[in-house]
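Index from 1, following the sequence.
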Amino acid sequence: MSILKDTLASKIPAWRDRQSRLISRHGESTVSGITMAQIHKGLRGVHAIICDTSYVDPEEGLFIRGFPVLELTERSAEEIFFLLCTGEMPDADARQALQEDLEKRAEIPGYVWDMIAQLPTDAHPMTLLSMSMLAMQRESVFARRYEEGMARSEQWEATLEDALNIIARLPVIAAGVYRKRILGLTEIEPQAGLGFSANFAHMLGIEDQRNEFEAFIRRFVVVHSDHEGANASVLTSRVVNSSLSDLYYSISGAMNCLSGPLHGLANQESVKFVMRIRKAFEGVPKSQQLREFVWAHLNSGKVVPGFGHAVLRHVDPRYLALFHFGKRVCPDDEVFRIVEKLGKVVPPILKEHGKAKNPYPNIDGISGALLYHFGIRDLKFYTVMFSTAQILGICAQLIINRALMTPIIRPKSITTRWLQGHVSDPM
Ligand code: HAX
């Protein structure tokens, strides 16, 4: 058994006991009331999902297993995944064992590249990524073992197998999409000994004299790895997985949800917005020019991409993690400077506009600008980068859910007429 699997196996009985105890002792306790407004507004603020891998505090932002994200930005992806799964930071042996295990699983089946090559040239890179997941579903260990009659208590082990295979392969596929489909070049083979993030940086083939790209990807992966269990894409994966669809189906579902402009595609939209500003003012505008531009954008009924959040009520620390990096590495970059200026100009405007509950920048308001700085110029690739890091958290959450044998997610819908009757509104 691997150290990760051993550690999980040693913890799961206590997790199961804790869950049974909570349900048997407090099964009738109410956690969250739900208002008419919440029903109509995307269930915002309803406490309805348990997630122990991470927590988002409205003021302080993301905590991964109790660590503020800003304390973890130099950690490797292997450490983060081990931490997400088990709640423990791995020692050097455990980290190394996980890295070596992943390296052995990184071979991409030829049919994935064939399928990618055959899709129309205008297929969005997120479509390619999601379809790669679906194409590889036939290899799911979970699906095979389910067919063979695996016990419910063992489903987490098969999910862990699928997770390791997917985590090993996704950076190779993502980098291959970038090199082959977007740049029209050959792919760069993974290199043993580098680990998830450095290998991803290596396979993207970015030339950076200053040697900062690898450090950037390491940080990028950490800050995108998890953001509790009820954000739209992760929740999607949890719903799909709850019917015992395997990880390939579940992660494809998450990718499809992440591809929306209000969610993960916001990193692409945010740089598009910056490009429009740069073009309109032939460079970095003055603050007053930028204010007028942002007001005109808002008054045309659009959202300012990269600002606002459903849970956060303060600046996203993930934004800060990337902003501080940019300030050190590329303070004079024009795109970065526009992003910096937006960070100052937009919050007072959104406050005055009076709609957004959080007027501050989020992670998607900065990540694309740094990818652009490092030379990744096809904006459609940005959400692929997000998704490749996000699978760490999704996999950890779904391994835990299968360990706890969480049931199918199936709330109850009601009709508008039922609601009107409920509140005695005859309209
Ligand atoms: N620009 C303009 N208006 C905004 C806004 C923004 N950045 N953020 C919120 N609003 C508006 C909403 O559209 C909503 O308007 P309506 O009442 O007319 O529908 C109102 O303010 C209240 O919204 P809210 O309660 O503050 O925000 P929500 O929880 O409904 O939505 C979003 C959260 C992130 C979707 C929203 O802030 C938004 O659309 N932001 C821009 C897109 C973006 O950056 N998305 C990425 C978010 C981070 C993420 O998930 N990354 O993957």
Side-chain angles (χ1 to χ4, degrees), residues 37-46 48-49 51 54 56 58 61-62 124-127 129-130 220 223-240 250-277 293-319 322 339 342-343 346-347 349-351 353-369 371 379-391 393-394:
Q38 286 172 314
I39 292 177
H40 284 93
K41 299 258 180 185
L43 301 178
R44 206 71 78 252
V46 178
I49 296 289
C51 172
S54 68
V56 178
L62 173 63
H124 195 283
M126 280 303 285
T127 306
L129 205 68
S130 178
F220 181 98
V223 297
H224 286 88
S225 63
D226 204 37
H227 211 232
E228 67 171 48
N231 68 73
S233 53
V234 175
L235 183 59
T236 303
S237 75
R238 291 174 70 131
V239 174
V240 176
S250 309
I251 289 175
S252 169
M255 288 169 170
N256 301 339
C257 183
L258 195 70
S259 302
L262 295 187
H263 195 10
L265 205 79
N267 60 9
Q268 160 186 321
E269 294 303 292
S270 156
V271 178
K272 248 196 229 167
F273 186 61
V274 171
M275 292 302 153
R276 280 182 43 218
I277 294 168
F293 189 95
V294 171
W295 270 117
H297 178 81
L298 275 174
N299 289 338
S300 70
K302 300 188 193 108
V303 297
V304 183
F307 286 79
H309 201 272
V311 174
L312 289 168
R313 291 295 172 259
H314 204 66
V315 182
D316 187 344
R318 302 171 303 165
Y319 171 93
L322 298 184
V339 164
L342 281 168
V346 172
I349 294 179
L350 283 179
K351 280 184 196 164
H353 187 239
K355 278 177 141 192
K357 294 191 188 66
N358 173 359
Y360 302 107
N362 60 55
I363 189 170
D364 297 315
I366 179 92
S367 57
L371 291 169
L379 313 189
K380 287 186 178 161
F381 188 65
Y382 294 176
T383 312
V384 170
M385 298 286 302
F386 185 158
S387 186
T388 303
Q390 191 202 32
I391 58 158
I394 295 177

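- Using a 4.5 Å heavy-atom threshold, the side chains of H297 and V346 count as separate.
- The closest side-chain heavy-atom distance from I251 to V240 is not below 4.5 Å.
- K272 has its side chain out of reach of P305: every pair of non-hydrogen atoms, C-beta onward, lies at least 4.5 Å apart.
- The distance from the CG atom of D316 to the NE2 atom of H314 is 11.0 Å, given to the nearest 0.5 Å.
- Distance check, rounded to the nearest 0.5 Å: CG of L379 to CD of E269 gives 9.0 Å.
- The side-chain heavy atoms of Q268 and H124, taken from C-beta on, include a pair separated by under 4.5 Å.
- A donor and an acceptor atom, one from each side chain of H263 and S233, are located under 3.5 Å apart.
- Remark: H309 pairs with H227 by the ring-ring contact (aromatic ring centres under 6.0 Å, His included) rule, at least two apart or across chains.
- Residues F293 and F273 bring their aromatic ring centres within 6.0 Å.
- Tested against H224, the residues T388, I391, I363 include a single side-chain contact (heavy atoms from CB on, under 4.5 Å) partner, I363.
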Does the pair L62 and S54 meet the rule for a side chain to side chain contact (heavy atoms under 4.5 Å, CB included), with working shown?
CA-CA 7 Å; L62 173 63; S54 68; 3.7 Å; yes
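- If you take CD on Q390 and CG on L258, they are separated by 5.0 Å, rounding to the nearest 0.5 Å.
- Between F307 and P347, some side-chain heavy-atom pair lies under the 4.5 Å cut-off.
- Take K351 and apply the salt bridge (Lys or Arg N to Asp or Glu O under 4.0 Å) test, not counting sequence neighbours, and it matches no residue.
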Evaluate side chain to side chain contact (heavy atoms under 4.5 Å, CB included) for L298 paired with L350, printing each intermediate quantity in order.
CA-CA 9 Å; L298 275 174; L350 283 179; 4.1 Å; yes
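- D364 and S270 share no donor-acceptor pair across their side chains, judged by distance under 3.5 Å alone.
- Residues F220 and S367 meet the side-chain proximity criterion, which asks for heavy atoms closer than 4.5 Å.
- One distance of note links CD1 of I49 with CG of L235; it measures 5.0 Å at 0.5 Å rounding.
- Within the 4.5 Å cutoff, the side chain of S387 has no heavy atoms near those of the V384 side chain.
- Using a 4.5 Å cut-off on side-chain heavy atoms (C-beta onward), W295 and I349 make contact.
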